[in-house]
Amino acid sequence: MNLNDRVTTIKGIGPKKAEALYKIGINKIEDFLYFYPRGYQDRRQVTKIGELENSSLALVQGKVKLKIKGGYGKKQTLKLLVSDDSGSMEVVFFNAKFLISKFEPEDEFTFYGKVSNEFGKFKMLHPEFLKTEENYMHGIIPIYPLTTGISQQDMYKWQNIANHLLPQAQEPLTEDIIEKNKLCDLKYALDNIHFPKDKSHLKIAKYRLVFDELLFLQIGLLSVKNRITSEEKGISFNKNINIQDFIKNLPYPLTNAQKKVIDEINDDMESDKVMNRLVQGDVGSGKTVIAEAALYKAVKNGFQGVLMAPTELLARQHFEGLRREFEGLGIEIGFLSGSMSAKNKNNTLERLAQGKIHILVGTHAIIQPTVLFKNLGIVITDEQHRFGVNQRNLLAEKGQNPDVLVMTATPIPRTLAVIIYGDLDISVIDELPPGRQQIITKAFTQKKKESAYSFVRQQIQEGRQAYVVAPLIEESEALENVLSAEELYEQLQKDFCDVKIALLHGAMKQTEKDDVMEKFYEGIIKILVSTVVIEVGINVPNASIMLIENAERFGLAQLHQLRGRVGRGKHQSYCFLLTAGESPVSKERIKIMTATSDGFAIAEKDLELRGPGEFFGIRQHGLPDLKIADLIRHINILNIAREEAKAILEKDPKLLSHEMAEIRERTVKLFGENAVLSI
Ligand code: ADP
Ligand code: MG
């Protein structure tokens, strides 16, 4: 057998199991080696039956003495009397029809499970078991994350098979690198991560695998970045085109924070270095106008600009906004999204290629290869955390070293930002425009729900509008106490029969969504019932209430984004959090939401409550899934690996040497097949 063979080469893996394995990313036998345990159980100690303790986990080796069947059909019960030289215990399985033939009297078995003591007799209910001669339940046992159709025992067995093929595993790192970083070799690591001899072996193995993963991650990211900030010169935009000419026509003065950031961007644009800048600013801090200023400068210099947003709704809103802002200045704005008709799309593409469209706004449809610019000078992505690293780069490749600006409301610690976005320069808008009233945030339990809705009614009577958000689109049987947007919509239509209500969710047709949004902007629709599609960017100043049903089901950052949809005009605004559950975490979250409106503080709390794994959900930032490394917990290894990644790329930027072939392969594999790395 070969590590490269498909899993079906293993006896006992048929099409069904192969499919289940495929779901968890295992196709080839080699993939088992990189499918790491989620934990371990120490089963080095065999306990004598005579020494068992009530409610402990124990490993027992004994002989089956008696086999008693009870019940009928599938519901059959199997009772075994198991003895060793110190005593006997009972082993019980319910619904055990399929197990009955596995045990015969006098067979030696190893059982692992929780011990109970009933009337002075020890008992194990549904223990794991293996024939003692197949004894790999002994030692420190790996516990794997599983999927339907695969048992721990299956997994042990297959892992053992893969383990026997370890001699074939290719060491990706050179001896130099291994020595310099005091790593164990790959085979040792892959052996001990699954079947550790003891804790210290496990630690050494884990360090090596974390190192590898972080190394490949950073090689990938750095080589992406190298492409952007290559030695090649960028555009130096003309100093005589003054952003102030745009700013002086704005209906409001900029905040100091906005001015500072615009200055930083202006300097970048005038220099011949390629701009690669991240703008972080809380919801409502006024990032859009910063994008507009940069676009203005580029277009007045005779270049084209592009602004990409993560949702169609947001893209459209930017499109409308830019049109209003730039209408009088002879600047032509185009729009592109996946849902447009072919005719419209082609028309836009043609005018874009001819340079008749100066600024293109759209969704990720903009990345497609058919989208060609005449002379793209600046690339801006809004709510960057929704896009992958590669998407940003693909966009930048549509021009000759255009300047790149990315905007996000999701604050991340600086160390991490540098890793994720490469050596980006970072600008922070740490100030909200003046006159923003505090949004009054209140939590309501189910019992008090009525009063929340009667307040909504009152606000609508005063001429305001309201968002009502539910966590699901449709009713779900699995989630009983969770309201769906559709249910809510029907219910509210009854309760507010004299008020115009509309439903908005991601599964609706684009034209329907547009229609709803337009009517909401215009104030015709008073209550917008929706899912989180409205989470990012939407701006309707007259809306003063954000009511969130099942608020306990949303993350803090998400709640904060949702709350940011109101308080955008001159009216006092409210965020009502309705909760069904009473879990301590949800209580804690709601408490934080009502106590602070600082997005950075909220993000930090979110991190604390949910742990880095979920908060940084990695994917959020367009990074590949990490299997063993944790960007926060392993920050030290991350830094060491970063130095190594830099050194490797310096020596061999495209990883073309024979020595680097395996590193290259591993990196490409980590980033997935669709990743477009410059290596
Ligand atoms: P975000 O940073 O969340 O993208 P926006 O750019 O959408 O924020 O701005 C939110 C609102 O604040 C918009 O209505 C915008 O016109 C307004 N705004 C932006 N800057 C200022 C300012 N300096 N003074 C007053 N209002 C501003
Ligand atoms: Mg925005």
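All residue numbers refer to positions in the sequence shown, counting from 1. Side chains included, hydrogens not; waters and symmetry mates left out as well; all remaining heavy atoms used. Counting starts at 1 for both ligands and their atoms, in listed order.
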Consider only side-chain N and O atoms of [X] and [Y], and report whether a donor and an acceptor are under 3.5 Å apart.
X: Glu350; Y: Asn346; result: no
X: Asn550; Y: Glu552; result: yes
X: Glu292; Y: Tyr296; result: no

Please identify which atoms of ligand 1 are closer than 4.0 Å to at least one heavy atom of [X].
X: Asp282; answer: 2 (O)
X: Thr255; answer: 23 (N)
X: Arg568; answer: 3 (O), 7 (O), 10 (C)
X: Pro253; answer: 22 (C), 23 (N), 24 (N)

* Strictly under 4.0 Å, does any heavy atom of Ser285 approach an atom of ligand 1? -> yes
* Got an N/O contact under 3.5 Å between Gly284 and ligand 1? ->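 By distance alone, the answer is yes.
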* To do: Give the ring-plane orientation class for Phe335 versus Phe319, where under 30° counts as parallel, over 60° as perpendicular and anything between as tilted.
  =>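 Geometry flag for Phe319 against Phe335: tilted rings.
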Between the candidates [options], which shows the shortest non-hydrogen contact distance to [atom]?
atom: atom 6 (O) of ligand 1; options: Val279, Ile290, Thr288, Leu250; answer: Thr288
atom: atom 13 (C) of ligand 1; options: Asn539, Leu254, Val540; answer: Asn539
atom: atom 8 (O) of ligand 1; options: Pro541, Pro433, Gly286; answer: Gly286

Mind listing the side-chain donor-acceptor pairs of residues 245-257 below 3.5 Å, one per line with the distance, residues two or more places apart or on another chain?
{"from": "Asp245", "atom 1": "OD1", "to": "Lys248", "atom 2": "NZ", "distance (Å)": "3.3"}
{"from": "Asn249", "atom 1": "ND2", "to": "Asp245", "atom 2": "O", "distance (Å)": "3.3"}
{"from": "Thr255", "atom 1": "OG1", "to": "Gln258", "atom 2": "N", "distance (Å)": "3.1"}
{"from": "Thr255", "atom 1": "OG1", "to": "Gln258", "atom 2": "OE1", "distance (Å)": "3.3"}

* Quick one: salt bridge (charged side-chain N to carboxylate O under 4.0 Å, His left out) partners of Asp515, sequence neighbours excluded? ->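 Per chain and number, Asp515 pairs via salt bridge (charged side-chain N to carboxylate O under 4.0 Å, His left out) with Lys519.
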* Using heavy atoms and a threshold below 4.0 Å, how should the contact between Met407 and ligand 1 be classified: side chain, backbone, both, or neither? ->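 None of Met407 does.
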* Are the side chain of Gln400 and the backbone of Asn375 linked by a donor-acceptor contact shorter than 3.5 Å? ->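 No, Gln400 side chain to Asn375 backbone: no donor-acceptor pair under 3.5 Å.
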